[in-house]
Amino acid sequence: VEDWKQYGPMYWVPNYIDSQRYLSVPKPRKDPDWITILYGSSMSHLPSFEDSGIEPALANVFRKRKNVRFVLCGDERVFQRLPVPENRKRYQRYVRAHEWPKILAQADISLAPLARFYDHRRSDIKCSEAAVMGIPIVATRSIIYEEYEKNNVGLFVKNGDYDGATYEERAIDWEAKLLDVIDNIKYYQEQAPKYIDFGLSYRDVDLNVSDIVRTYESIINRLT
């Protein structure tokens with residue numbers, strides 16, 4: 001909206017989600033000997049992954065912790081870049097929207113690396129999806145995730161656009177945050193009710209109908 005408002009009236013409806021699609025997914029049986037990190041990557045996420053600082057962090061994390069594995073869903077180019085042992089990473093092809101919650105449910109930790117100008121114009125759906133499923137998320141700090149950070153829903157890594165952090169500094173922060181969640185996974189899993197409550201109140205489509213209606217009413221009033 002800020003980028004384009006000079007060209008005409010702009011209105012914003014957040015990327016609300018159908019939470020029941022996520023909450024209705026049966027809890028998958030998980031191997032207690034493994035912690036699964038999952039990243040859902042579209043074709044536009046490769047630059048985010050490359051420039052965020054997460055790659056050297058993952059290399060160090062997987063070298064230091066032998067109980068961690070990685071699932072990459074989506075862009076196979078990201079999978080090929082993963083600096084982790086072949087026997088501890090798995091590729092999941094793209095899935096349709098209604099199948100995605102079943103994939104996400106496999107995660108013990110979700111990721112949302114950001115890096116470039118465009119990334120701070122994305123929606124906050126990665127955080128909202130993880131929140132309503134009670135999954136700890138580690139993400140790059142961004143204006144799109146400010147409310148999550150304020151409410152301690154997730155861990156947030158330094159961002160060069162916000163605090164001038166270099167690539168190397170961001171990599172160090174990624175590693176520290178990932179190790180924190182891995183080494184204290186039980187604690188973060190116990191925060192699930194708080195994550196779910198916030199995710200529902202903030203981004204569930206049914207609980208925010210009044211805000212959506214108000215936006216469309218303002219558009220109608222402007223035109224009539």
Quick check: closest heavy atoms across [X] and [Y], and the distance to 0.1 Å?
X	Y	result
Glu169	Gly164	OE1-O, 4.1 Å
Ile212	Val205	CD1-CG2, 4.0 Å
Ile35	Ile182	CD1-O, 3.5 Å
Lys5	Met10	CA-CG, 3.5 Å
Ala115	Ser52	CB-N, 3.7 Å
Ala105	Met133	CB-CE, 3.6 Å

Problem - Set of ring-ring contact (aromatic ring centres under 6.0 Å, His included) partners for Tyr91, sequence neighbours left out - result: Phe79

Close side-chain approach of [X] and [Y], heavy atoms under 4.5 Å:
X	Y	result
Pro136	Gln191	no
Leu114	Arg122	yes
Tyr188	Asp180	yes
Arg93	Glu76	no
Arg88	Trp34	yes
Tyr39	Lys126	yes
Lys89	Leu72	no
Glu146	Arg141	no

Handout entry: Audit row: Glu129, Ile135, side-chain contact (heavy atoms from CB on, under 4.5 Å) steps and yes/no
Key = CA-CA 9 Å; Glu129 289 178 323; Ile135 299 170; over 6 Å; no

With no hydrogens and no angle check, just 3.5 Å: does a side-chain donor-acceptor pair link [X] and [Y]?
X	Y	result
His45	Ser42	yes
Tyr16	Asp206	no
Ser41	Asp75	no

For [Y], does its backbone N or O pair with a side-chain atom of [X] as donor and acceptor, under 3.5 Å?
X	Y	answer
Arg81	Phe49	no
Lys177	Ala139	no
Asn151	Val153	no
Asn184	Tyr187	no

Practice task
Answer yes or no on whether Arg65 is positioned over the face of Phe62, meaning its NZ or CZ is under 6.0 Å from the six-membered ring centre and within 45° of the axis.
Solution key: no

Using a cut-off of 6.0 Å, state whether more than 12 heavy atoms not belonging to [X] lie near its atom [atom1].
X	atom1	result
Lys102	NZ	no
Ile143	CD1	no
Tyr167	OH	yes
Tyr11	OH	yes

Handout entry: Output field: ring centroids Phe156/Tyr148 closer than 6.0 Å
Key = no

Handout entry: Sequence-distant partners of Glu147, salt bridge (charged side-chain N to carboxylate O under 4.0 Å, His left out), two or more places apart
Key = Lys150

Given the rule that I, L, V, M, F, W and Y join up when any side-chain heavy atoms are under 4.5 Å apart, are [X] and [Y] in one cluster?
X	Y	value
Val71	Val95	yes
Ile125	Leu23	yes
Val78	Val157	yes
Val209	Ile17	no
Ile137	Ile185	no

Practice task
Take Leu38 and Leu104 through the side-chain contact (heavy atoms from CB on, under 4.5 Å) test and state the conclusion after the steps.
Solution key: CA-CA 7 Å; Leu38 188 143; Leu104 182 57; 4.1 Å; yes

Problem - Test log, rule side-chain contact (heavy atoms from CB on, under 4.5 Å), inputs Arg203 and Asn208 - result: CA-CA 7 Å; Arg203 284 293 183 258; Asn208 287 279; 5.6 Å; no

Completion exercise
Rounded to the nearest 0.5 angstrom, the OG-CG distance for Ser128 and Leu200 is 10.5 Å

Practice task
Take Ile54 and Thr140, measure what side-chain contact (heavy atoms from CB on, under 4.5 Å) needs, and give me the verdict at the end.
Solution key: CA-CA 10 Å; Ile54 195 173; Thr140 301; over 6 Å; no

